[in-house]
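Below: one structure, written as structure tokens.
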There are 2 protein chains.
Amino acid sequence: MATGRTHRPATRSRGIPEATVARLPLYLRALTALSERSVPTVSSEELAAAAGVNSAKLRKDFSYLGSYGTRGVGYDVEYLVYQISRELGLTQDWPVVIVGIGNLGAALANYGGFASRGFRVAALIDADPAMAGKPVAGIPVQHTDELEKIIQDNGVSIGVIATPAGAAQQVCDRLVAAGVTSILNFAPTVLSVPDGVDVRKVDLSIELQILAFHEQRKAGEEAGAAAAHPAAATRPDAADQGPDGDVPAVMPA
Amino acid sequence: MATGRTHRPATRSRGIPEATVARLPLYLRALTALSERSVPTVSSEELAAAAGVNSAKLRKDFSYLGSYGTRGVGYDVEYLVYQISRELGLTQDWPVVIVGIGNLGAALANYGGFASRGFRVAALIDADPAMAGKPVAGIPVQHTDELEKIIQDNGVSIGVIATPAGAAQQVCDRLVAAGVTSILNFAPTVLSVPDGVDVRKVDLSIELQILAFHEQRKAGEEAGAAAAHPAAATRPDAADQGPDGDVPAVMPA
DNA sequence: TTGTGTGAACTTGTTCACAGCA
DNA sequence: TGCTGTGAACAAGTTCACACAA
């Protein structure tokens, strides 16, 4: 166990590991699907398969939240959905603003999963005066000049930056100054923010480069097993999606 | 990794930790910016600040690549750009297909950073016959029927899935069967793939949920220091971006 | 019997702090 | 002198394996 002291489950579990937090949405999605199919209970094994992780990890993750399962049976789907939602703070409504309504911003505005789970697009903001008033995904775009007012009037604490890289830091500074404390950044730039503000970044080109690295490695390995022809031994049921490090790598000191 | 078996091919000493690989693109971007400003050398301290990490980590990361710095001086920018590019496999050209040309697919197709660094959009594919032939970002959309042919003709090994969740697994299976071995998945679904295929996922709603978790926690902590008014102590140089940060999400099969 | 919950072992990643080279 | 390169300490995350509740 992490902290020496045995913590009380039910209410406030201090210290849920970050890696666990990052997986809760995954479990939640799988559970929601089960819930829609009116499945009453799941075992860690089944749920883990659905979420693409292994079952020991899932059980460990859940143990940080409390003891919500029943030995010999499994987890109650509805109950878990509720507990995880609460833990993630999704039982309340989070107004979100999207800044930068280009291709990507529009895609985000149209993204359905947005609204579905506690998030509400409070406003779309763009620097181009020609965009002002034009509706995107049914929401009229507002000009950057309104940014501070929008944030304050709507009590927005989460902002999404989908501007070009050059504008991102400036937009970020204004968001933060206006009271935003969590930022999801799609611009390919490192943002600097004061303490207490969370930034998460999503970066297409970084993801591709990581894939290229592994791809290159595979190509260099034309010696191993039945490589060479991927089309051949397609066995589409590998199931276990979750763990992250492929390429364990030898690492000789 | 999925099956207990640690697949450890005969590949040489190349044991670059996954966490390091995930940061190399960051360093590369910072270095490219320096290169464009004709800066000849950087210290680990400066480069680390530009990339949003701390300098010890950066030095450790570089040490896995080799000894490319000069003590007392720093790193040669051009040389490092080359070494990292090579390590990431960006000295070759990677043809990529994007499947699902909705809002998001179009945004991706238009994304400049795509082409800039070794990646080339070889084709855009969509299931809607009405889309066929329509140019997006200057590239005509092709129908899903052509998928296998496109992959094979262009030697594509990296595929981007930007379809609705319901179609993602099927598209994935076809991509893999046709020879794709790396997939970047934007659909909110767990994909199952055979061993040897890498999947990385980008999921807006997961990112937002993680932010909501931290946001909720902040709200519950209204006791701490300078609470309530973030606008106050703005100190825009906190530098280190990834506190809990990246949480990549490599999902090998 | 079944499947959760969890100490304990293990693996991976980060930070420290300093030896040693330019 | 200044900054890299790296062993060693530390921290976080994952997996194992089994006691134990239902």
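What you see is a predicted model, and the numbers here were worked out from it, not measured in a lab. First the proteins, then the strands, lettered A, B, ... as listed; each starts at 1.
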With a 3.5 Å cut-off and no angle check, do the side chains of A:Thr181 and B:Glu215 form a donor-acceptor pair?
-> yes

Can you check whether A:Tyr75 has a side-chain N or O nearer than 4.0 Å to OP1 or OP2 of C:dG5?
-> yes

Considering only side-chain heavy atoms of B:Ser43, which listed nucleotide, C:dG3, C:dT14, D:dT4, is closest?
-> D:dT4

Is it true that the side chains of A:Tyr82 and A:Glu78 contain a donor and an acceptor less than 3.5 Å apart?
-> no

Rounded off to whole Å, could you give me the OH-to-P distance for the A:Tyr27 and C:dT4 pair?
-> 13 Å

Does a side chain donor of either A:Thr41 or A:Asp76 reach within less than 3.5 Å of an acceptor in the other side chain?
-> no

For DNA chain D, whose closest nucleotide is more 5', that of A:Gly72 or that of B:Ser44?
-> B:Ser44

Would A:Tyr75 and A:Tyr68 count as a close aromatic pair, with their ring centres under 6.0 Å?
-> no

Roughly how many Å is it from CD1 in B:Ile16 to P in C:dT14, rounded to a whole number?
-> 14 Å

Does a nitrogen or oxygen in the side chain of B:Lys57 sit under 4.0 Å from OP1 or OP2 of C:dT15?
-> yes

From CD of B:Glu46 across to C1' of D:dG2 the rounded distance in Å is 12 Å

Check whether any side-chain N or O of B:Arg71 sits under 4.0 Å from OP1 or OP2 of C:dC18, and answer yes or no.
-> no

Euclidean distance, atom CZ of residue A:Phe62 to atom C1' of C:dG3 [Å, nearest integer] | 14 Å

Sidechain N-carboxylate O distance under 4.0 Å for A:Asp203, B:Arg29 = yes

Could you please name the option among D:dG5, D:dA8, D:dT14 that lies closest to any side-chain atom of B:Ser63?
-> D:dG5

Could you tell me whether the phosphate oxygens of C:dC16, OP1 or OP2, come under 4.0 Å of any side-chain nitrogen or oxygen in B:Arg59?
-> no

State whether A:Thr70 places a side-chain N or O below 4.0 Å from either non-bridging phosphate oxygen (OP1 or OP2) of C:dT4.
-> no

A:Tyr68 has an atom OH; how far is it from atom P of C:dT6, in whole Å?
-> 12 Å

Can you find a side chain N or O atom of B:Asn54 that sits less than 4.0 Å from OP1 or OP2 on C:dT15?
-> yes

Between CG of B:Asp61 and P of D:dT6 the distance, given in whole Å, is 13 Å

Let me know the distance between CZ of A:Arg23 and P of D:dG13, rounded to the nearest Å.
-> 9 Å

Provide, to the nearest angstrom, the distance between the CG atom belonging to B:Leu58 and the P atom belonging to C:dT15.
-> 12 Å

